[in-house]
J.: 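Questions regarding the structure given below will be posed in turn.
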Amino acid sequence: MTPLLDVKSITKFYGNRIGCADVSFDLYPGEVMGIVGESGSGKTTLLNCLAGQLQPDSGEVLFDMRVGGLTDTVTMSEPERRMLSRTDWAFVHQHARDGLRMGVSAGGNVGERLMAVGARHYGEIRTKAIDWLERVEIAADRIDDKPKAFSGGMQQRLQIARNLVTGPRLVFMDEPTGGLDVSVQARLLDLLRGLVRELGLSAIIVTHDLAVVRLLADRLMVMKDGHVVETGLTDQVLDDPQHAYTQLLVSSVLQV
Amino acid sequence: MSDYNYAYLDEQTKRMIRRAILKGLAIPGYQVPFASREMPMPYGWGTGGVQVTASCLHPQDRLKVIDQGADDTTNAVSIRKFFQRVADVGVTEHTGDATVIQTRHRIPEDELTEDQILVYQVPIPEPLRFLEPRETETRKMHALEEYGLMHVKLYEDISQHGQIATAYAYPVQIEGRYIMDPSPIPKFDNPKMEMPAIQLFGAGREQRIYALPPYTKVVSLDFDDYPFEASKAPGACAICGADNTYLDEVIVDDAGGRMFVCSDTDYCAQCQAAQKPTSQEGEAA
């Protein structure tokens, strides 16, 4: 079985400082990979390198294209990469306002990716937008409201709908539940878990919240100071941490 | 007159602008940056159009200047007088007689010919400006033909107003490639852009020139189920009776009285002149 994503020793420096160093892993179709670590550990740098938003200094990111098999996305041309990022890839930002067009209605936000790949039938775009809004539990009658009028949790769900409407195969998520209160977080996680299972999505989730990866991720990567210090199945890493830093991380979780 | 170089701009500047025009003609719809000069008029009054016109003029030309279709408005009169003074050029109000026509926000009703040049004044050349404020990003979107966003604007129009409510500066796609702002002409004029005359667009403040060679394919963007429609106010001109022209609404008193008249004053005058003999015959009989 070919992996969907094959990452080979990605390294990114900011001047003399390490962003992330020598990170390698595979991701298979339908698999969810969690990346955890404290802030400044290089998780977001790594995610941006994988998603083509940052140019890594060295290393390869091989993606299993629909045509042509495993292709290095770092060296591919910019038009191809941008095409990927609006068809087969999705990127869910921590702050919904980074991923949404705040001046455009919810329907327009969801429809943008459809129109970007050539949809030119208003009725069909709208039907699809309504369908997706309902799937992320936003009432259909909010379709013409602007995201400004939405709560934080709704904005985040709208961002997810906007990203998934073109049926991507790989979703990058950067702290998808950051800044939401716990009950909203729980609903969002439930939704994400449902969507990932139902659509067979592969996902890479960056977070500092261990509960999020416990719920969503199959495998886990722990980062510290730009390096991967431990990898393994999520339950295994969280229940029996081997590296000193992972032990510290796991024991730091507040028990309620 | 002798205090200025011919047509106000110095020869180097005109050469630079002509180069930009030629490049624009070679890549229809592409916005060519140029070093816009200060002109003796404020930005927004047609500085781009004036520079393009100045670079095209020679003493044998006959210039027509219109503002919203009219030859007798302040802006049109000022620019016409300006070129009479600095370029020694003949002027006319008849569309058919002119060799160069500078226009603000209209295309004349009369069909133009192959030996005419139509110069548009453009306030904002970037059609994606209000959708994506970063110029670096919009240039990349043009380069990579990522035009999904333009349809988002039309989608928003339909979702809010039930139809494509954009009535002027209606975005067009040129030869299946560049998306272009046709300057704020009413969308009624969009179908006329596939014409035998050369069309040049000058944006002075934004420092961009773009162009359409004769007979270039110009498609107004739309949706399959909401096709483009060249709309105008219903009815006929109250003065000449023409029902196929773009109409201006004129308020005539304080009691809500209004009338619709041709926005193209030259065309309206022609229609009236054509009707006069018949009406005199009617009186005689």
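Residue numbers begin at 1 in each chain, while the letters A, B, ... track the order of the sequences. All figures in this text were calculated on a predicted structure; none of them were measured in a lab.
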J.: With Arg120(A), which of Leu154(B), Asp224(B), Leu221(B) fulfils side-chain contact (heavy atoms from CB on, under 4.5 Å)?
T.: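 Between Arg120(A) and the candidates, side-chain contact (heavy atoms from CB on, under 4.5 Å) is satisfied uniquely by Asp224(B).
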J.: With a 4.5 angstrom heavy-atom cut-off, which part of Leu114(A) approaches chain B: side chain, backbone, both or neither?
T.: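 No part of Leu114(A) comes within 4.5 Å of chain B.
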J.: Quick one: what part of Leu144(B) sits under 4.5 Å from any heavy atom of chain A, side chain, backbone, both or neither?
T.: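 Looking at Leu144(B), just its side chain touches chain A.
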J.: How about residues 76-101 of chain A versus chain B: which residues have heavy atoms under 4.5 Å apart?
T.: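 Glu78(A), Pro79(A), Arg82(A), Arg86(A), Arg101(A) fall under the 4.5 Å cut-off.
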J.: Tell me whether the count of non-hydrogen atoms from other residues, nucleotides or ligands lying under 6.0 Å of OH in Tyr215(B) goes above 12.
T.: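 Yes, OH of Tyr215(B) has more than 12 neighbouring heavy atoms, counting only those of other groups under 6.0 Å.
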J.: Mind checking what makes side chain to side chain contact (heavy atoms under 4.5 Å, CB included) contact with Glu109(B), not counting sequence neighbours?
T.: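 Partners of Glu109(B) by the side chain to side chain contact (heavy atoms under 4.5 Å, CB included) criterion, ordered by chain and then number, come out as Arg106(B), Phe188(B), Lys192(B), Thr245(B), Tyr246(B), Asp264(B), Tyr267(B).
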J.: Should the heavy atoms of other residues, nucleotides or ligands under 6.0 Å from CD of Glu111(B) be counted, would the total exceed 12?
T.: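 Not more than 12 within 6.0 Å, no.
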J.: Please lay out, stage by stage, how Arg126(A) and Tyr155(B) fare under the test side-chain contact (heavy atoms from CB on, under 4.5 Å).
T.: CA-CA 9 Å; Arg126(A) 203 160 165 88; Tyr155(B) 170 93; 3.1 Å; yes
J.: So, taking the atom named CG in Asp145(A) and the one named OG in Ser159(B), what distance separates them when rounded to the nearest 0.5 Å?
T.: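 One gets 10.0 Å once the value is rounded to the nearest 0.5 Å.
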J.: Is it true that the side chains of His121(A) and Asp225(B) contain a donor and an acceptor less than 3.5 Å apart?
T.: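 Note: His121(A) and Asp225(B) side chains meet the donor-acceptor criterion.
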J.: Identify which part of Lys140(B) has an atom lying under 4.5 Å from any heavy atom of chain A, answering side chain, backbone, both or neither.
T.: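 Lys140(B) touches chain A through side-chain heavy atoms alone.
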J.: If only atom types and distance count, is the side chain of Glu156(B) paired as donor or acceptor with the main-chain N or O of Ser105(A) below 3.5 Å?
T.: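 Yes: the side chain of Glu156(B) pairs with the backbone of Ser105(A).
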J.: Check whether any side-chain heavy atom of Gln160(B) sits under 4.5 Å from a side-chain heavy atom of Asp144(A), and report yes or no.
T.: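 No, too far: nothing below the 4.5 Å cut-off.
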J.: Is Glu38(B) atom CD crowded by more than 12 heavy atoms from other residues, nucleotides or ligands, each under 6.0 Å away?
T.: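 Open: at most 12 neighbouring heavy atoms sit under 6.0 Å from CD of Glu38(B).
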J.: Just checking Arg18(B): does its CZ atom have more than 12 heavy atoms from other residues, nucleotides or ligands closer to it than 6.0 angstrom?
T.: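 Counting other residues, nucleotides and ligands, CZ of Arg18(B) exceeds 12 neighbours.
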J.: So Tyr226(B) and Tyr122(A), would you call those rings parallel, tilted or perpendicular, with 30° and 60° as cut-offs?
T.: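 Tyr226(B) vs Tyr122(A) ring planes: perpendicular.
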